[in-house]
There are 2 protein chains.
Amino acid sequence: MAARTDTAHATEAADAALTREVVDLIASIVSRYHEEYEAAAAQYGLTGAQARVLALLAREPLPMRRIAEQLKCEPSNVTGIVDRLEARGLVERRPDPADRRVKVAAATEAGAQTADRLRSGLTFAREPLAGLSAQERRALRDLLRRMLDMPAG
Amino acid sequence: MAARTDTAHATEAADAALTREVVDLIASIVSRYHEEYEAAAAQYGLTGAQARVLALLAREPLPMRRIAEQLKCEPSNVTGIVDRLEARGLVERRPDPADRRVKVAAATEAGAQTADRLRSGLTFAREPLAGLSAQERRALRDLLRRMLDMPAG
DNA sequence: TATTGTTATACTCTATAACTATA
DNA sequence: TATAGTTATAGAGTATAACAATA
């Protein structure tokens with residue numbers, strides 16, 4: 001083993017502490033993000049899963065199987081979630097003319113409106129970001145991209 | 001309405017796009033974080049909630065009510081989660097000599113070991129961070145702190 | 001035969017309310 | 001009376017397996 005200086009050891013320890021602090025901060029953000037999302041959904045009488053599906057369908061109609069892929073869950077679960085959204089008039093199932101096995105779920109007018117309002121209500125992440133300068137937001141964007149292994153774009 | 005330059009409008013639009021991109025990146029991180037956490041828990045036959053409670057108790061023993069506070073759920077839910085952890089020998093309930101109403105849940109030796117291994121397996125957030133220089137990690141830390149409205153510390 | 005969506009089943013998490021044993 | 005924990009209950013999300021309709 002090569003001998004190393006005390007300084008090298010001290011630097012490693014500081015690095016580890018710094019990394020750990022950033023990891024903890026990210027955990028805090030994850031926690032806050034979820035809390036706010038669930039609370040916003042609850043304001044409209046929706047569960048988190050229902051709100052997520054509604055948000056997906058507000059962007060574009062999707063076959064049941066595609067919803068399951070987006071949610072990373074089994075297709076059988078989607079049946080119940082869409083059932084509940086449909087019972088409240090926020091979503092509807094349409095046949096696919098090209099393949100009669102497929103049912104395409106789509107947000108209704110009311111569903112799209114609810115999705116919009118819900119999205120507008122999600123102030124966390126958007127509000128604190130407003131306090132950062134454009135340069136800081138760019139710096140944050142670039143660092144987050146690198147964390148996600150995304151190209152510099 | 002005061003007249004404004006095209007440049008001002010263009011800047012606002014770019015700002016909004018930037019903010020939205022950062023928000024989407026954060027959503028991606030939240031999603032990844034959860035996926036990895038659930039997958040790591042599943043490797044040990046634990047649900048996400050069970051893994052979170054075990055992680056809490058590996059740090060320090062806690063009365064049932066304190067666990068509920070940390071999880072932000074009703075105390076009645078904790079009974080079942082701790083029941084399942086206890087049935088697997090990962091956690092045990094101890095009496096509190098100072099107040100005989102209280103039951104203190106604590107990780108067993110096996111539980112602490114599982115919690116350690118689980119924590120070590122959570123590479124997301126830690127691994128990509130290793131690719132950032134100390135200066136970049138400090139920059140990220142400061143930006144995240146500001147997002148969380150935390151003092152510069 | 002393979003695929004889409006559903007149903008049936010079982011388990012977990014969740015909140016609410018009622019209960020017990022302490023304080 | 002108030003508090004800590006539990007039990008009972010009901011609703012929702014989840015995975016697995018089996019099924020009907022369609023490809």
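Atom set for the values below is all heavy atoms of this structure, side chains included, hydrogens, waters and symmetry mates excluded. Chain naming here is simple, since letters A, B, ... match the order of the sequence lines and numbering starts at 1 in each.
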What is the distance from [atom1] of [X] to [atom2] of [N], rounded to the nearest Å?
X	N	atom1	atom2	value
I81(B)	dA15(C)	CD1	C1'	13 Å
D83(A)	dT14(D)	CG	P	14 Å
E69(A)	dG5(C)	CD	C1'	14 Å
D96(B)	dA23(C)	CG	C1'	12 Å
I67(A)	dT4(C)	CD1	C1'	13 Å
R101(A)	dT22(D)	CZ	P	11 Å
E74(B)	dT7(D)	CD	P	17 Å
L71(A)	dG13(D)	CG	P	10 Å

[X] side chain to [Y] backbone, donor-acceptor under 3.5 Å:
X	Y	value
S120(A)	D116(A)	yes
T19(B)	D15(B)	yes
R32(A)	L148(B)	yes
Q50(B)	T47(B)	yes

For a quick check, tell me whether the side chain of [X] and the base of [N] share a donor-acceptor pair closer than 3.5 Å.
X	N	answer
R100(B)	dT22(C)	no
S76(A)	dT16(D)	yes
R65(A)	dT4(C)	no

Reference residue V53(B); test side-chain contact (heavy atoms from CB on, under 4.5 Å); the match among L90(B), I81(B), L62(B), V78(B):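 Checked L90(B), I81(B), L62(B), V78(B) against V53(B); only one passes side-chain contact (heavy atoms from CB on, under 4.5 Å): I81(B).
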
Think [X] has a side-chain N or O under 4.0 angstrom from the OP1 or OP2 of [N]?
X	N	answer
K103(A)	dT6(C)	yes
T79(A)	dG5(C)	no
T47(B)	dC13(C)	yes

Between N77(A) and P75(B), which has a closest nucleotide on DNA chain D that is more 5'?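 Its nearest nucleotide being more 5', the pick is P75(B).
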
If you assign each of P97(B) and A49(B) to its closest nucleotide in DNA chain C, which residue comes earlier from the 5' end?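 Looking at DNA chain C, the more 5' nearest nucleotide goes with A49(B).
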
Which part of the nucleic acid, if any, lies within reach of R93(B) when heavy atoms closer than 4.0 Å are counted: base, sugar-phosphate only, or nothing?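 Touches sugar-phosphate only.
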
If you check every side-chain atom of R84(B), which of dC13(C), dT22(C), dA15(C) has the closest atom?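 The listed nucleotide nearest to R84(B)'s side chain is dC13(C).
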
